[in-house]
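From a predicted model like this one, the values you see are computed outputs, not experimental measurements. Lettering of chains follows the sequences in order, A, B, ..., and the numbering in each one begins at 1.
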Protein chains: 2
Amino acid sequence: MSDVARAAGVSTMTVSNVVNDRPGVSAEVRRRVLRQLADSGYRMNVSARNLRSGHSGVIGLAVPGHDVPYFGSLAMHIAREADQRGYRVAVEQTGAQEAGEVAAIQFSRAMDYDGLILSIVGMDLEKLEVAPTFPIVLLGERENPTAADHVSMANREGSRAAVEHLREQGARRIAFIGGPDTPDQTIHSLRLGGYRSALEQAGLGVDPALLFDASEVTMESGRLAGHRLAREIRSARQEGRPAPDAAFAITDTVAFGALRGLADHGVTVPEDLLLVGFDDIPEAAFMVPALSSVAPDLAWTARRAVELLLERIGASGRPGGAESRQVREETIPWSLEVRESSTPVRSQQGSVPVPGAEHTEGSAMAEQDAFLVAQTPPSSSTSTGDAS
Amino acid sequence: MSDVARAAGVSTMTVSNVVNDRPGVSAEVRRRVLRQLADSGYRMNVSARNLRSGHSGVIGLAVPGHDVPYFGSLAMHIAREADQRGYRVAVEQTGAQEAGEVAAIQFSRAMDYDGLILSIVGMDLEKLEVAPTFPIVLLGERENPTAADHVSMANREGSRAAVEHLREQGARRIAFIGGPDTPDQTIHSLRLGGYRSALEQAGLGVDPALLFDASEVTMESGRLAGHRLAREIRSARQEGRPAPDAAFAITDTVAFGALRGLADHGVTVPEDLLLVGFDDIPEAAFMVPALSSVAPDLAWTARRAVELLLERIGASGRPGGAESRQVREETIPWSLEVRESSTPVRSQQGSVPVPGAEHTEGSAMAEQDAFLVAQTPPSSSTSTGDAS
DNA sequence: TTGTATGCGTTATCAT
DNA sequence: ATGATAACGCATACAA
C-alpha cells in the first residue's frame, strides 16, 4: 500500500480511503490512486485488515461431514444467505460426533472467524465448553442447555407426524430404524421419542422387536438394518404372526441404505413395506421408490442461523455484549413430504418396458409432478414452528 | 500474550516460545507459563500470527456446490489430507460454472488463503486469469492451458472403458446421457469423446438419436433425459427398429436421475437397459440397482492436490518462486466398478417378499459383497494414470 | 481534503 | 536461557 501511495504521490491513508471507498477523497486523487492500484496489481492484506479491524468477515460452519447430503444441502443454503450479507462461509468438517474433542478443535480453529454455526449431531451439549464471548449458533437437537443461540429441529413432532402418517396409510406394525434410546438428547432418543409418542397416542406401545439399530446414521448401517428387517418380515410371515408393514428411518440416508438392504432380500417398497425418512435430502424425491420424508425448511433454517449469528457478532463488541444477550431458541418449520414409499399401490406397476399411454415431455413432467406431490399431507403434518 | 508474560514474570517472547512449543525454554519457566496460559484462558490471535508469518495456514477448496455428492466426497478426502499436514481447509462454493465471474470471485476471496484448490467444471480455463504468484491447483478437466498445476480426470479413458464394458456385456445400441459436444474441453465434450472413441474402435459411429441431453448435470436433468430415453425405447420397439439397450451417463448424479426417469416410464435397469455412470459417488453402491461407475481414486486425488499446492506454497516465498516453477499435470488413477446396473440378469429376481434361503447377518453380508463386486472389471478397465 | 503518528498481537533478530 | 526491539500491513484519531 505504501508503494502505491508513493507512486501516486499520496499517503497510505489516502490509498486506504480509496480502497475502502470512503468519502473525503477528491475525484482527481481518487483517479490517480485507482490507476496505480490497477497497475501495481495491489491486493489488500486481509490479515492486516483483520488484525486492525478485529473481525475477519468470515463465519465458520462446522458440519459432521462434507459428504453427508443433508449437511451439503444445508451448507449451500447458509452460504447463499451469508453471501447476501457480505459474509463468507468457510465450511469445516468435524469428522464425526466425538463430542468434547471435536468441539474443542472446532472452537480453537474458529478463532479467526467472526462466528461459528455449529451442527451438533448426537454430541453432548454439556461438553461444549464454549467461551461465552465467542459468537456461536448451534444447529441441531432440541432443548439446549448451553448458553448459546440455538436453531433446533422439531425432532419429536416430525417423527410423530411421520408415524401417524404411516398409520393413516393403514400400517399396523411400524418399525423404527435408528439408534438406541439414551437419557441425553440425541437425534436417536428424540426421534425415537416421536415414534413412541405416535404409537402411544394410538393406544400402542413400543415393541422392542420392531427397533432396528442404525446408530451410525450411514447408508451402510441402514443397509444392515434393512437386512435384519427383511429377515424379521420373513420369519413373521413364516410363523404366521403379523409382520412389520412399515418403517420410519431416522434419516433419509439411513432410509436409502435400508431400501438397498431390503432389496437385497427381495422386499419391495411400498408393496411389502411402507417407508418414511427424515431430512428430505434432495435425493429423496429421485429414489425409486420416491422417499416420503419429514422436510425441515432449510432456507428458513439458514436465514435464521445467519441472522442470529450476525446479531450476536454485532453485540459482541458493544458493552454488555454477546455474553449478556438473552439466549434464543427457535424451531425449524417443517412439513411432511408424502411420496411413493409410503403410498400403498393399487395395482402393481411391474416391469413393463412399453407404457401404454402416450408421453410427451409435457406429460412426462405432469407424471413426475404426480409422483412428487402424490398426496396432500394430513393436517397434522403441515408446517409448524415459531418463525419469530 | 503480554498479560500472560507479565503474570508469569517473563517476556512475551518466552510466552511465544512456549505457545509454539519451541526449544530453548527451561522446564521451570515453561511450567510457569503453561500455568498462566491455562488460567488466563489465553488464545492465540490468528490474524496477528498470520500478519507476522505471512501465511494463514488455511487452504481454500472451491467446489461448484456443497450439495453435489461427488464434491462432498472429494472435500472430505482433501480435508483429511490437509489436516495431516497441519493445514485447515475452508470449502467454498462457486455456485455454478459461470466462468469468468465466479473465477474472479473465487480468486479475490481466496486472498487470505495460502493457496487454493479449484474445481473447475465446464468453465473455460482461458478465462481463469490467475495472478501467477498465487498458489493454485486446478482439479478437473484435462489438458490445461493455464499456468497452474493440474490434477486431471481421465475423462476420455474412463468413459471409453465404460462404453467398452457395456459392449462386452452385449449392448449394441448405447446411449449417451450428457451435455453437448463443444470445441473447448468440458466434462461433456471429453466424456462424449470417450464414448465416441469406444464406438469407433468397434467400427461404429455416433448416432445422434442416441444422444440424450443432460447439460445441467443434475438429478433433474438426468430424470428428464431418462424420460426421453424411455420414449425412444418404446418408439423403437413399436416401430420394430433396434432400441437402445444401454446408456452411459456423464455422472452418477445424472445416472441417478435417469434411473428415476426411466422408472417413471416403467423401464427397468438392467433388465431393459444397462447403465453405467461416472464418479462412483458413495451412493452408487447403494442404489437399486447398484450403479456401475467409473471410479476415480479420490484419496489419491486429494493427496496429490494437497502435495502440489503445498509445494507451490513453499516455493512462492523463495527467489524464483511459485511463478517460475514448472507446471505439473497429473492424471487421476481410476478403475471401473461393475455392479448390478450393467450386469444382465439371468433370472428375474422379482418381488418375492420371502427369500427362499436362510439368512444370518453373516450370510447377508456375503450376499451384499456379491452385489458390490459382482464381477471383475475387464483388463482394459483396471487402474491407470501417472502417479508420478 | 490529506497527512502523521500510533498501535493491533505476534515473531525474527540480535543481545544479554 | 531469556529479553528488548522492530516490523508485518493496515486503520483510527487527530493534526494540518
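- If you check every strand for non-hydrogen atoms under 4.0 Å, B/M13 touches a base.
- Of the candidates D/dT2, D/dA11, C/dT11, D/dT2 carries the atom nearest the B/T14 side chain, counting heavy atoms from C-beta on.
- Here the C1' atom of nucleotide C/dG3 and the CZ atom of A/R6 are 16 Å apart, to the nearest Å.
- For C/dG3, the OP1/OP2 oxygens have no side-chain nitrogen or oxygen of A/T12 closer than 4.0 Å.
- Each of B/R328, B/R312, B/R304 was evaluated against B/D149; a single residue qualifies, B/R312, per the side chain to side chain donor-acceptor pair (under 3.5 Å) test.
- With distances taken from any side-chain atom of B/S11 to the nucleotides C/dT10, C/dT2, D/dG3, the minimum falls on D/dG3.
- Dashed line: the shortest gap from a side-chain N or O of B/N17 to OP1 or OP2 of D/dT2 is not under 4.0 Å.
- The shortest distance between the side-chain N/O atoms of A/S26 and the OP1/OP2 oxygens of C/dT2 is below 4.0 Å.
- C/dT1 atom P lies 15 Å from atom CZ of A/R32, rounded to whole Å.
- An OP1 or OP2 oxygen of C/dA12 is reached within less than 4.0 angstrom by a side-chain nitrogen or oxygen of B/R22.
- Mapping B/V29 and B/R52 onto DNA chain D via the closest heavy atom, the residue that lands nearer the 5' end is B/V29.
- Distances shown here put a side-chain N or O of A/S16 below 4.0 Å from the OP1 or OP2 atom of D/dA11.
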